[in-house]
2 protein chains.
Amino acid sequence: MSNVIDASGILAISTRLQRLADQLRKDGQLIYKAHGIEFEPKWFPVIYTLHQKGQLSVMEIATEIGYTHPSTISLLKELEKQKLIRSKKDKQDERKRLLSLTEKGEELILQMKPVWKRMQQALTSLLHTENNLMSAIEEVEQKMEKKGFFARERDL
Amino acid sequence: MSNVIDASGILAISTRLQRLADQLRKDGQLIYKAHGIEFEPKWFPVIYTLHQKGQLSVMEIATEIGYTHPSTISLLKELEKQKLIRSKKDKQDERKRLLSLTEKGEELILQMKPVWKRMQQALTSLLHTENNLMSAIEEVEQKMEKKGFFARERDL
DNA sequence: TGTATTTATGTAGTTAACTACGTAGTTTTA
DNA sequence: TAAAACTACGTAGTTAACTACATAAATACA
């Protein structure tokens, strides 16, 4: 990280968060590839949600993973193309599309589980510093829910 | 934040970092607007660097702010369009383009300084939790420089 | 000194999220 | 019970970063 950004510090925090996110995502991609697994890190929240909860609608998934529904739809499209998930109309409510994992999806998850474990260990070793990044994020997320950056500046 | 992501925890960290970055950037936009200042948060690193260091080339700015040069070029284009910076050829090295702030740029910075101060205070109140996010990021950045996520997983 | 390499800049296209808007079912209400 | 409002889903276009490739100037080297 550069001198000037370090000096200006906190004002460039958004930039730094984004860069960190990007590096982690890219390394994630490499790790899946290194294990011979065709899987994108960005698919994780959807796949994991469906694995945990079974059949869900588009909006339920979007809410669960915290994305907007258009973002979710584009992830679902990719996953359907990979034949990792499938969808069918909800008989009770014709507007809804119910998504679930395919056999292939379930099998891939079994294959990924040990890799997820290793990733978890690697991330833990990386993030477990004096100020724990994971906990820090959780704390900030909670504070933002009560009162965001904008409101805090306004009410100074 | 949703249940499933919380449960899957650390594996979705990249997603969470990105979302946090995004929220902070958006609130930053709103704050500038609320103060009647026409300025994008993403311009901050470039403007601040030029303010601190004076005349710099494209690559020098890119290195300083930690972006790739194409990203930097597109920021520079926007800032030139806003007439906040100007450029001229380097006489010593005809490949280089030297960027500097215009009068308008310098004036805008004077106008923004008190707002930056308030933002800094608001961010401090938001980020100063038990596990300080700013310090956590710095620590993780340092660890990643020594050995990234990919290498850590590989060498487990 | 002419050729090869490196460096600085630029362009094109990609990515992964977003907002805005549109349509079709479902539910509420006058 | 017809109209209004809401909800679910989808598409189009935007954004802010990126990678890959191209070109021109400067430098190194045979």
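The figures here come from the full heavy-atom set of this structure, side chains too, leaving out hydrogens, waters and symmetry mates. Below, chains carry the letters A, B, ... as their sequence lines are ordered, and counting in each starts from 1.
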ask   = Start at the 5' end of DNA chain D and walk down; is the nucleotide closest to A:Lys26 or to A:Val58 reached first?
value =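 Nearest nucleotide further toward 5': that of A:Val58.
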
ask   = Any donor-acceptor pair under 3.5 Å joining the side chain of A:Arg95 to the base of C:dT26?
value =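 There is none.
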
Just how far, in rounded Å, is [atom2] of [N] from [atom1] of [X]?
X: A:Leu76; N: C:dA16; atom1: CG; atom2: P; value: 15 Å
X: A:Leu75; N: D:dT11; atom1: CG; atom2: P; value: 15 Å
X: A:Arg97; N: D:dT11; atom1: CZ; atom2: P; value: 9 Å
X: A:Glu94; N: C:dT26; atom1: CD; atom2: P; value: 6 Å
X: B:Asp90; N: C:dT7; atom1: CG; atom2: P; value: 17 Å
X: B:Phe44; N: D:dA16; atom1: CZ; atom2: C1'; value: 18 Å
X: B:Gln29; N: C:dT19; atom1: CD; atom2: C1'; value: 12 Å
X: B:Glu60; N: C:dA8; atom1: CD; atom2: P; value: 8 Å

query = For B:Asp93, which of B:Lys89, B:Arg97, B:Arg95, B:Lys91 qualifies under side-chain hydrogen bond (donor to acceptor under 3.5 Å, both in side chains)?
reply =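 It is B:Arg95; the other options fail the test.
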
inquiry  = Need to verify one output field. Residue with the more 5' nearest nucleotide on DNA chain C, A:Asp93 or A:Tyr67?
reply    =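 So the residue in question is A:Tyr67.
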
ask   = Of A:Glu40 and B:Lys96, whose closest DNA chain C nucleotide lies nearer the 5' terminus?
value =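 Counting from the 5' end, the first nearest nucleotide belongs to B:Lys96.
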
[X] side-chain proximity, nearest of [options]:
X: B:Ile73; options: C:dC18, D:dT11, C:dT9; answer: C:dT9
X: B:Thr68; options: C:dT9, D:dT19, C:dA16; answer: D:dT19
X: B:Lys42; options: C:dG25, C:dC18, D:dA17; answer: D:dA17
X: A:Ser71; options: D:dA16, C:dC18, C:dT9; answer: C:dC18
X: B:Pro70; options: D:dC18, D:dA17, D:dT11; answer: D:dC18

query = So, A:Gln121 side chain and B:Leu156 main chain: donor-acceptor pair closer than 3.5 Å or not?
reply =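 Judged by distance alone, no pair lies under 3.5 Å.
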
query = Can you check whether B:Ala34's main-chain N or O pairs, donor with acceptor, with A:Arg154's side chain at less than 3.5 Å?
reply =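 Flag not set: sc A:Arg154 to bb B:Ala34 has no pair under 3.5 Å.
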
key: Verdict with supporting geometry, B:Lys143 and A:His128, side chain to side chain donor-acceptor pair (under 3.5 Å)   = CA-CA 10 Å; B:Lys143 278 181 121 175; A:His128 190 69; over 6 Å; no

task = For A:Lys89, answer base if it contacts any base atom (sugar-phosphate contacts may also be present), sugar-phosphate if it contacts only those atoms, and nothing otherwise; contact means non-hydrogen atoms under 4.0 Å.
result =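 A:Lys89: no heavy atom of the nucleic acid under 4.0 Å.
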
task = Look at all strands and tell whether B:Ser74 reaches a base, only sugar-phosphate, or nothing, counting heavy atoms closer than 4.0 Å.
result =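 The answer is nothing, as B:Ser74 stays clear of every strand by at least 4.0 Å.
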
query = If we only count heavy atoms from C-beta on, is the A:Leu24 to B:Met144 side-chain gap below 4.5 Å?
reply =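 Yes, side chains in contact.
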
query = Does D:dA16 have OP1 or OP2 sitting under 4.0 Å from an N or O in the side chain of B:Arg25?
reply =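 Looking at the OP1 and OP2 atoms of D:dA16, one of them is under 4.0 Å from a side-chain N or O of B:Arg25.
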
